[in-house]
Amino acid sequence: MDSHRSLPPKPPRATLHHRRKTVDLSPTPPPPVKANSDALPLPLYLTNAAFFTLFFSVAYFLLHRWREKIRTSTPLHIVTVTEIVAVVSLFSSFVYLLGFFGIDFVQSILYRPYIEDHEDEEIFTLMDHNNNNSNNDISNDVSNDKSKPVGVEENEEIINSVVLGKTPSYSLESKLGDCYRAALIRREAVQRTTKRSLEGLPLDGFDYNSILGQCCEMPIGYVQIPVGIAGPLLVNGCEYTVPMATTEGCLVASTNRGCKSIYACGGATGILLRDGMTRAPVVRFPTAKRAADLKFYLEEPLNFDTLAVVFNKSSRFARLQRIQCSMAGKNLYIRFTCSTGDAMGMNMVSKGVQNVLDFLQRDFPDMDVIGISGNFCSDKKPAAVNWIEGRGKSVVCEAIITGDVVKKVLKTTVPALVELNMLKNLAGSAVAGSLGGFNAHAANIVSAIFIATGQDPAQNIESSHCITMMEAVNDGQDLHISVTMPSIEVGTVGGGTQLASQSACLNLLGVKGASKDSPGSNSRLLSIIVAGSVLAGELSLMSAISAGQLVKSHMKYNRSNKDISTIACQN
């Protein structure tokens, strides 16, 4: 959609007078749309009644005549003068009724926005007149005003309209046809309304067209987050340079050290265990028995193929894998799991679920759909069902780090790491009652990669579920380390992955867009890269804690060296 297209011409709705930049926006009603019956001598209601009567009477007459011809075997193409007159009358009355009830109805739909938004249109009509130079007095006065560039006065009128509540802020993009200008006007209106400055929040240098209708509504600027790189990360024999968007010092450097250690020992191995996005609606029945009936129906293997056909109609990539049910009284929670190709897939699975619910409604008319999501999914919340059953991509990644690398690069020992992992990541997390948090800082790496590659940052919650395991191998000389992550929710198409910066980061990893050869392989590879990066981050941070370097490194790299007192005096 090209948001820079000019708006379609609209009928003028205001009389403009411009003297010393004073604008009279007194609204005048639009010219009435003439109906087809206005040319007739009869009143409107009598005209309509007459044509209605004529249409149905003639239709009945012709149907009766054709029935008689069929009964007497008379050819239908042989018609009398009366029948010709009847056909002409039928056609004429049909044309009139179509014109009155069809064209006028369409016109009412087209003109409805003008009637409902007449106050808004006064502002934008003024803008259109100025832009088209339709008023010579306005054009001459604007051209003689050297203090303001052309367009400032129009923006000022619209800003005032937004501040006063006459023009909805959310409608600026559609009314102006210019996403950047809409953000500029909205930003100024926000500053005037809140009386707080937005200085420091950048506006220029961003393609606001790219987020229209898919990423962010009512933008007023964008936030800058630095992107660093860690690597090369060697996983399954391939090297990856990992982009990480973060404002935390030491994070990229620490992950990079972990990548270096893994690389020096021959790389890591990543295995995809499962791949399936979930959605779980909640439905209610009059009795628990009826809810149980549906549960048994859904769990019957003979019914699965039928439900899969209905579900898979939602997309050429959606493939229903399994259905899991859980009851709470007369309420039934139905957890659908399906593959989603290279998309993260929440919208895809939701459409498939809606298809199945509509299908089930025929055989279970007493089923009341309470919500398309009943939190048994479970999305953007820590949940045992994701920890146990998985959601999105379930991945395990492992590596063996030699004793020499542990000593020389990580500055610690294998026994120290094994003991720390047991007491911190396993026992410590258990004492805290952690759910999926048996790790040092998996969320750090997951969040940084998610932001850099255009994933949904809120899904970091379940995507960071991770258990880190460490064990001494090869007679205690080397370290076996692994991370198991059952619910990494990533995609390489849709949402924020289509934005320029995020798309560039995906391209750096070699997983941009959808895979043409093997649908879903790009998103699966991205999940393995995420798990490999978490492995590197866990290895490095645990080594820093074991060697007593954590506080020292953070004081060095995670604190500003600027003299704050000097900066405060300068300001």
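Quick caveat, the model's predicted, so the values are computed rather than measured.
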Can [X] and [Y] be counted as having a side-chain donor-acceptor contact under 3.5 angstrom?
X      : Y      : result
Glu462 : Ser487 : no
Asp178 : Tyr208 : no
Ser540 : Ser254 : yes
Asp342 : Ser515 : no

Evaluate the side-chain proximity of [Y] to [X]: yes if any heavy-atom separation is below 4.5 Å, no if none is.
X      : Y      : answer
Thr412 : Val406 : yes
Tyr333 : Met327 : no
Ser533 : Met244 : no
Arg316 : Pro519 : no
Leu201 : Arg187 : yes
Leu426 : Met469 : yes
Ile225 : Thr246 : no
Phe376 : Val282 : no

Do side-chain atoms of [X] reach the backbone of [Y] as a donor and acceptor pair under 3.5 angstrom?
X      : Y      : answer
Asn522 : Gly513 : yes
Asp275 : Ser339 : no
Ser543 : Leu539 : yes
Asp475 : Gln477 : no
Glu538 : Ala440 : yes
Asn439 : Ile467 : no
Asn312 : Ala308 : yes
Arg335 : Ser326 : no
Thr337 : Thr278 : no

From [X] atom [atom1] to [Y] atom [atom2], the distance as rounded to the nearest 0.5 Å:
X      : Y      : atom1 : atom2 : answer
Leu332 : Arg290 : CG    : CZ    : 11.5 Å
Thr255 : Leu541 : OG1   : CG    : 9.0 Å
Ser447 : His441 : OG    : NE2   : 11.5 Å
Ile401 : Leu535 : CD1   : CG    : 7.0 Å
Leu307 : Leu302 : CG    : CG    : 11.5 Å
Asp379 : Asn386 : CG    : CG    : 8.5 Å

Locate the shortest heavy-atom distance separating [X] from [Y]; write the atom from each residue and the value.
X      : Y      : answer
Pro243 : Ala452 : O-CB, 3.8 Å
Lys380 : Ile461 : O-CD1, 3.3 Å
Tyr263 : Glu239 : OH-OE2, 2.6 Å
Val414 : Gly403 : CG2-CA, 4.4 Å
Asp478 : Thr402 : OD1-CA, 3.3 Å
Cys466 : Val534 : SG-CG1, 4.2 Å

N-O pairing of Lys407 and Asp404 below 4.0 Å |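 Judged by the 4.0 Å cut-off on N to carboxylate O distance, Lys407 and Asp404 do not form a salt bridge.
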Residues Arg186 and Glu173 bridged, charged N to O under 4.0 Å |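 Judged by the 4.0 Å cut-off on N to carboxylate O distance, Arg186 and Glu173 do form a salt bridge.
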Mind running side chain to side chain contact (heavy atoms under 4.5 Å, CB included) on Gln354 and Arg279 for me, showing each step along the way?
-> CA-CA 10 Å; Gln354 188 63 57; Arg279 175 61 86 196; over 6 Å; no
Before giving the answer on side chain to side chain contact (heavy atoms under 4.5 Å, CB included), spell out for Leu298 and Leu360 the whole-Å C-alpha distance, their side-chain angles and the decisive distance to 0.1 Å.
-> CA-CA 10 Å; Leu298 294 172; Leu360 292 174; 4.0 Å; yes
Would you indicate whether [X], at its atom [atom1], is surrounded by more than 12 heavy atoms from other residues, nucleotides or ligands within a distance under 6.0 Å?
X      : atom1 : result
Glu419 : CD    : no
Ile229 : CD1   : no
Lys381 : NZ    : yes
Asn331 : CG    : yes

For the residue pair Phe364 and Phe285, categorise the inter-ring angle as parallel (less than 30°), tilted (30 to 60°) or perpendicular (more than 60°).
->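 Plane angle over 60°, so perpendicular.
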Side chain to side chain contact (heavy atoms under 4.5 Å, CB included) between Cys377 and Met346: does it pass, once the steps are laid out?
-> CA-CA 10 Å; Cys377 312; Met346 284 301 303; 5.9 Å; no
Taking it one step at a time, do Thr453 and Gln502 satisfy side chain to side chain contact (heavy atoms under 4.5 Å, CB included)?
-> CA-CA 5 Å; Thr453 59; Gln502 290 81 348; 5.7 Å; no
Check Ser527, Ser523, Ser463 against Lys393 for a side chain to side chain donor-acceptor pair (under 3.5 Å) and give me the one that passes.
->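 Per the side chain to side chain donor-acceptor pair (under 3.5 Å) rule, the option paired with Lys393 is Ser523, out of Ser527, Ser523, Ser463.
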